[in-house]
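Worth knowing before you read on, the calculation uses all heavy atoms, side chains too, and leaves out hydrogens, waters and symmetry mates. Please read these numbers as outputs of a predicted model, since none were measured by experiment. Both counts, for ligands and for their atoms, begin at 1 and track the order of listing. In this chain, residues are counted from 1 in sequence order.
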Amino acid sequence: MDKYKLNDGVEIPSIGLGTWQSEKSDAYRATLAAIACGYRHIDTAYAYENEDAVGRAVKDCALSRDQIFIGTKLPSHIKSYDGAKEYLELSLKALGTDYVDLYMIHAPWPWIAPGTDCTEGNIEAFRAMIDMKAEGKIRTVGVSNFNGEQIDSIIAATGVTPSVNQIRFFIGNTQQPIYEYCQKKGILVEAYSPLATGKMGEVDKIGEMAAKYGVSFAKICIAYCLQKGTLPLPKSVTPARIAENFEVGVVISDEDIAVLDGIKGLFPRPYRS
Ligand SMILES: NC(=O)c1ccc[n+]([C@@H]2O[C@H](COP(=O)([O-])OP(=O)(O)OC[C@H]3O[C@@H](n4cnc5c(N)ncnc54)[C@H](OP(=O)(O)O)[C@@H]3O)[C@@H](O)[C@H]2O)c1
């Protein structure tokens with residue numbers, strides 16, 4: 001399956017290129033390389049400071065804007081209606097486009113103050129996003145790093161269920177409570193850090209599984225995310241890896257999925273939801 005259908009009917013390409021920590025010039029080249037080998041979905045954020053480079057690559061590639069799905073994010077410290085409107089405009093300007101395909105609240109609280117109760121601010125920001133969707137500036141609205149309670153409060157206040165929750169999700173760290181909550185609510189989980197920001201290459205059990213299937217550790221990680229019904233966002237600035245990550249070409253057996261499900265507690269990061 002090369003696309004998922006979101007709860008509002010919007011279709012989203014089932015693998016996206018991650019761009020966190022990609023410098024502008026790398027983000028530009030990586031986006032062009034990704035599109036050339038078949039990616040149709042790029043994940044960025046205002047906070048990554050590379051939206052302009054991603055936008056330039058989308059303009060410079062051989063495809064038209066409507067053939068590429070761009071997801072970006074409202075900075076984590078912006079927790080107001082007007083702030084959300086203002087920062088979307090900044091992202092649109094940087095990307096050089098008049099709409100984004102997916103706009104997400106980057107985190108339920110400012111990264112510098114994890115645990116802060118921003119319920120009202122998240123609701124206000126989300127209301128602005130719904131209005132900007134109605135204006136045609138956003139095709140679908142989502143969140144990132146939210147837990148079930150935080151999503152419930154948005155749904156209760158606005159009547160709109162986010163289409164996506166982008167969370168840290170990889171073998172050995174699948175955040176089961178929020179993963180299951182999203183499955184139940186029809187919210188697509190976007191799996192960020194599907195390679196545990198590259199650290200999965202050090203895990204023996206993943207290496208063994210990769211050897212069994214005759215593929216790289218990265219392909220096992222990405223196939224696992226897809227087989228769990230999530231949308232992996234592997235990041236790379238290396239053309240050969242960008243291609244490798246897209247051409248997954250492996251289906252893990254149910255038995256081996258169960259083995260991978262049994263791996264627990266890899267690379268925890270307790271301060272985020
Ligand atoms: N919403 C959020 O709060 C949030 C947080 C984190 C990430 N994200 C999103 O999710 C994306 C992915 O997460 P991530 O950046 O943490 O990392 P990741 O995709 O889990 O791993 C990226 C790292 O693995 C390396 N790598 C990539 N493909 C490889 C391959 N085939 N073989 C060996 N090494 C490989 C990359 O190196 P090279 O680049 O040098 O090739 C890079 O060091 C981000 O870029 C971002 O778009 C979102």
key: Pairing of Lys185 and Glu180 as salt bridge, 4.0 angstrom limit   = no
ask   = Can you list the ligand 1 atoms lying under 4.0 Å from a non-hydrogen atom of Ala218?
value = 30 (C), 31 (N)
task = Would you mind running through ligand 1 and noting each atom that sits below 4.0 Å from a heavy atom of Pro234?
result = 19 (O)
ask   = Any idea which part of Tyr48 is under 4.0 Å from ligand 1, heavy-atom wise: side chain, backbone, both or neither?
value = side chain
key: Phe146: which of Asp152, Asn122, Ile187, Ile167 passes side chain to side chain contact (heavy atoms under 4.5 Å, CB included)   = Asn122
Main-chain N/O of Ala27 paired to Asn50 side chain as donor or acceptor, under 3.5 Å = no
key: Test item, Gly201 contacting ligand 1 (heavy atom, 4.0 angstrom)   = no
note = side chain to side chain contact (heavy atoms under 4.5 Å, CB included) with Asn165: of Asn145, Ile151, Asn147, only one passes, and it is Ile151
Numbered atoms and elements of ligand 1 in range of Ala196, under 4.0 angstrom, heavy atoms = 20 (O)
task = Below 4.0 angstrom from a heavy atom of Gln166, which ligand 1 atoms are there? Numbered from 1 as shown, please.
result = 1 (N), 2 (C), 4 (C), 8 (N), 9 (C), 48 (C)
ask   = Has Pro194 got any heavy atom lying under 4.0 angstrom from an atom of ligand 1?
value = yes
inquiry  = Taking the cut-offs as 6.0 angstrom to the six-membered ring centre and 45 degrees off its axis, would you call Arg65 and Tyr99 a cation-pi pair?
reply    = yes
ask   = Do any N or O atoms from the side chain of Thr238 and from the backbone of Arg241 form a donor-acceptor pair under 3.5 angstrom?
value = no
ask   = Can a non-hydrogen atom of Glu244 be found less than 4.0 Å from any atom of ligand 1?
value = yes
Trp111 near ligand 1 by a heavy-atom separation under 4.0 Å = yes
ask   = Checking side-chain hydrogen bond (donor to acceptor under 3.5 Å, both in side chains) against Tyr224, which of Asp261, Thr174, Thr230 comes through?
value = Asp261
ask   = Taking only heavy atoms of Thr238, which atoms of ligand 1 are found under 4.0 Å from at least one of them?
value = 38 (P), 40 (O), 41 (O)
Heavy-atom donor-acceptor pair, Tyr39 side chain to Ala33 backbone, under 3.5 Å = no
task = Test the Arg56-Tyr28 pair against the cation-pi criterion, namely NZ or CZ under 6.0 angstrom from the six-membered ring centroid and within 45° of the ring axis.
result = yes
inquiry  = Check this for me - ligand 1, Lys73, N or O atoms closer than 3.5 angstrom, yes or no?
reply    = no
ask   = Backbone or side chain, does any N or O of Gln21 fall under 3.5 Å from an N or O of ligand 1?
value = no
key: Proximal atoms of ligand 1 relative to His106 (non-hydrogen, under 4.0 Å)   = 1 (N), 2 (C), 3 (O)
query = Does ligand 1 have a heavy atom under 4.0 Å from the side chain of Thr44, from its backbone, from both, or from neither?
reply = neither
note = Looking at Ser193, Gly16, Ala107, the heavy atom closest to atom 16 (O) of ligand 1 belongs to Ser193
request  = May I ask which of Tyr192, Phe267, Phe217 has a heavy atom nearer to atom 6 (C) of ligand 1 than the others do?
outcome  = Tyr192
query = With atoms numbered from 1 as shown, which atoms in ligand 1 lie under 4.0 angstrom from a non-hydrogen atom of Gly18?
reply = 11 (C), 44 (C), 45 (O), 47 (O)
message = Salt bridge check, Lys85 against Asp131: does any charged N sit closer than 4.0 Å to a carboxylate O?
response = no
inquiry  = Using only atom types and a distance under 3.5 Å, with no angle test, would you say the side chain of Thr19 pairs donor to acceptor with the backbone of Ser22?
reply    = no
query = For Ile154, does its backbone N or O pair with a side-chain atom of Thr158 as donor and acceptor, under 3.5 Å?
reply = yes
query = Counting each atom of ligand 1 from 1 as listed, which ones have a heavy atom of Asp43 under 4.0 Å away?
reply = 9 (C), 46 (C), 47 (O)
Per atom 23 (C) of ligand 1, closest listed option by heavy atom (Gly198, Gly71, Ser144) = Gly198
